[in-house]
Amino acid sequence: MTSSDILAGLNEQQVEAVTAGEGPVLVLAGPGSGKTRVLTHRIAYLIEKHGVRPWHIMAVTFTNKAAREMENRIVGLLGDSGKIDGLSIGTFHATCARILRREADFTPPFSSSYTIFDTADQLAAMKRALADLNLDPKKNTPNSMLSRVSAVKNELLGPGDVAANDYRAEIFQRVYEHYNSLLRASNARDFDDLLMHTVLLFRNHPDVLERYQRRYPFILVDEFQDTNIAQYTLVGQLVAHHRNLFAVGDPDQSIYAFRGADHRNVQRFRQDFPDTQTILLEQNYRSHQAILDAAMGVIDRNPGRIRKQLFSKDTEGPLLVLKEAYNEDNEAQFIIDTIIDLTNRGEYGMGDFAIMYRTNAQSRALEEAFLRAGIPYRLVGATRFYARREVKDVLAFLRLIHNPSDIVSLQRVINLPPRGIGQKTQQTLDAWAQELDVTSGEALLYLLDEDPEDAPFSGRSRSTLARFAELLRSWLEQRDTLTPVELLSLVLEDTAYLNYLDDGSADGQSRVENVLELRGVASGYDGLDLTTFLEEVSLVADTDTRDDDTQAPTLLTLHSAKGLEFPVVFITGLEEGVLPHSRSIEAVEESADSSAIQEERRLLYVGITRTEQRLYMLYTFRRSLYGYSDTNRPSRFLYDIPESVFEYSDLRQRGQATTDARAYREMTTWAQTTTPRPPRSSKTKPARFKAGTVVWHKKYGEGVVVGSRARGDIEEVNVLFPGGSGEKTIMADFLKPVDQD
DNA sequence: GGCTCATATTTTTTT
DNA sequence: AATATGAGCC
């Protein structure tokens, strides 16, 4: 293969980017402009044309999935997988995790067998930290403390660097300090530590940094707009010497500010490297013009950005559909009907559809509808396999074996299945360990091995502890001779964990199956050690490795849609309070900070621009959220989309009437003129309908009111319909009293 | 110490 | 709606 083959099919700007000389290169690209393609071609180009050895290249992506895809594409370009041997492609976190493991000598007290704490582990550690400090977890909630810790870690601030100028700040500082020390004692790092500790390692050990600079003279970063301070600093350290940084990104697609991403890093990059070549990729190869017009309508309302004129050669394409559904079930049904219709016409296969939503909770109604319709679907993310209790339990056993100091894992499994080690005993153990200045796991082994006279346990709890310690001891002895899957099987056998799970319920059965599936995963690590297995499992939390080839509609959040594209896209829940999310609306109302709303806008922009051909946007009149059903107004963003892009739209820009049935029309008009969530204190209007009244409903006909509840402006009426329909709960606006003359 | 039931609290998005 | 914590009882 020659280099001209690698450049085949690229446009002028793309070629310019791929063949750019060495030194800093920044590719600013719009959606669908092939920026990931440019990145992969660049790698292939460096290897093929410049003779760069693949092990001299480090490419950093945002998700594991993107990394895999990129790898496949490069192999496709080079035609031989052997040509990329040693190429390092992965996420920031995975890359850092590996560096920290390899350089453990420079990062005491962490050893190379350190544990990675995921969100749930962090929460457990934080709860413990708050308890240790005698702080009220109701006043300082573990979650809020964790998000603050995460925020400062992303800015590379240690406990000594955060302000402690008032009482609350001082509390936070102490919590942060103690939380960190708990992690340190457990030989554990959280996700943010992976980045921060790597930066600190390089800062404190220039010789180590230099080794990595020499090792990776070519650094490429995808989705650069989503880097946070720590990641930006890390990149800066690695390229400081050779300056071969190739970064691609789109500030309009920055949707991770909530975890510290700062799209201003794009500007910062140009300041820090004044000789940066900036290359713009503007032409869109994914969508047709109407979709781009809709996308621009949404994003152009964001202030302070460089406006991009998105254009496509594809000027003809199906116009968009904006549909109002009554509730989430109708919304789902509309989607199902549309999918069936489009596939019946032979235009699309089942794998061509994507259904996107703001929050994972919204997937439920959709899943139920798909199940009812008997259509298989692919669900991305959501109930993550590795977040399941039973999977976490089994992994906690393995992690404890891997690292007996891990207090969070120990706490998780010490009484699992219940073996008589209750809270009281655990507290005593912790206190005793503290006295001995060791971790609880070590104390446990000490109890077994030394059988000390002065251990503060009753006879019974001492013997149960010793029995568990024996288990742990025997596992530790076999740790280095068994493969991960053998070790896992041994644990299951020794603890009878599967028996404990299998309580006869269907739920228990599926839990057993999940554990068996985990065992299946582990068996893929036969030649590898436990450390590698646990590290990958902590960092590859994607479920989408399975079912990748099944041809079925994909359900996913707008966030996880980034980087993907689909012929037909449904964006659901386009309502105030959902998109934009109520939290973001609150942020604006409370502090006049519109950045959260701007991010929601970008999120919708990302969703719209995933579409190749057909885009359906949906909002509902009524939606159940947090167990409460409430009415919503259409999203403010919808009003920014030019009406001309729609083939069909239910949205009345100026409130004018449509041809819908009158009762329904009254209701929607009402919906637009009322606030979505009346405060609890708002006056409840008197009920309009009393029991016994005869009423008429569009669908069910005549019925008799049996009861009515009013709350705020909403009145719901129970109506008994003769003739099979039975009793229904109906919005008052749907009903008209029937004159009894 | 452990189990069951009742109450509270929660959900934004991900490595 | 689903899960986490807490009280009360065995």
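Numbered from 1 within each chain, the chains take letters A, B, ... in sequence-line order.
A donor and an acceptor atom, one from each side chain of A:S595 and A:D593, are located under 3.5 Å apart.
A close approach under 4.0 Å does not occur between any side-chain nitrogen or oxygen of A:S560 and OP1 or OP2 of B:dT13. Residue A:N64 places no side-chain N or O under 4.0 Å from the OP1 or OP2 atom of B:dT15. Under 4.0 angstrom from either OP1 or OP2 of B:dG1 there lies no side-chain N or O belonging to A:S461.
Closest contact between the side chain of A:R364 and the listed nucleotides C:dA1, B:dT15, B:dT11 involves C:dA1. The side chain of A:T63 sits closest to B:dT15 out of B:dT13, B:dT15, B:dT11. When distances are taken from the side chain of A:H559 to each of B:dT15, B:dT14, B:dT11, the shortest belongs to B:dT14.
A perpendicular orientation is assigned to the rings of A:F224 and A:F269, their planes being inclined by more than 60° (bins at 30° and 60°). Between A:Y212 and A:F202, the ring-plane angle classifies as tilted under the 30° and 60° cut-offs. In this structure, A:H197 and A:F110 have tilted ring planes: the angle between them lies in the 30° to 60° band.
As a whole-Å value, the separation of A:E586 CD from B:dT10 P is 13 Å. Rounded to an integer number of Å, the gap from CD of A:Q598 to C1' of B:dT13 is 17 Å. Spacing between atom CD of A:Q253 and atom C1' of B:dT13 amounts to 15 Å, rounded to whole angstrom units. Rounded to whole angstrom, the span from the CZ atom of A:F258 across to the C1' atom of B:dT15 amounts to 10 Å. Put simply, CD1 on A:I255 is 9 Å from P on B:dT14, counting in whole angstrom units. The distance between atom CZ of A:F92 and atom P of B:dT14, rounded to the nearest whole Å, is 19 Å. Between A:R462 atom CZ and B:dG1 atom P there is a gap of 16 Å when expressed in whole angstrom units. Atom CG in A:N360 sits about 15 Å away from atom C1' in B:dT10, given to the nearest Å.
Position along DNA chain B of the nearest nucleotide to A:N143 versus A:T119 favours A:N143 as the more 5'-ward residue.
In this structure, the ring pair (Phe, Tyr, Trp, His ring centres under 6.0 Å) partners of A:F62, at least two apart in sequence or on a different chain, are A:Y256.
Classification of A:E71 and A:R68 as a salt-bridged pair fails, no side-chain N sitting under 4.0 Å from a carboxylate O.
Contacts between residues 413-424 of chain A and DNA chain B, defined by a heavy-atom separation under 4.0 Å, are made by A:N415, A:G420, A:I421, A:G422, A:K424.
Evaluation of the salt bridge (Lys or Arg N to Asp or Glu O under 4.0 Å) test over residues 225-236 of chain A, restricted to residues two or more places apart or in two chains, returns A:D226-A:K562. Under the salt bridge (Lys or Arg N to Asp or Glu O under 4.0 Å) criterion, the residue pairs touching residues 407-422 of chain A are A:D393-A:R412, with sequence neighbours excluded. Evaluation of the salt bridge (Lys or Arg N to Asp or Glu O under 4.0 Å) test over residues 251-262 of chain A, restricted to residues two or more places apart or in two chains, returns A:D252-A:R305, A:D252-A:K308, A:D262-A:R264, A:D262-A:R268.
Here A:Y256 does not pack flat against the base of B:dT13, since the 5.5 angstrom centre distance and 30 degree tilt limits are not both met.
Comparing C:dA4 with B:dT13, their C1' atoms are spaced 22 Å from each other, to the whole Å.
Across every non-hydrogen atom of A:V413 and A:F468, the tightest pair is O-CE1, 3.9 Å.
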Subject >> Letter per nucleotide, 5' to 3', of nucleotides 5-10 of chain C [B base touched, S only sugar-phosphate touched, - untouched; heavy atoms, 4.0 Å] >> reply: S-----
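Residue contacts shown for A:T425 are limited to sugar-phosphate atoms, with no base heavy atom under 4.0 Å away.
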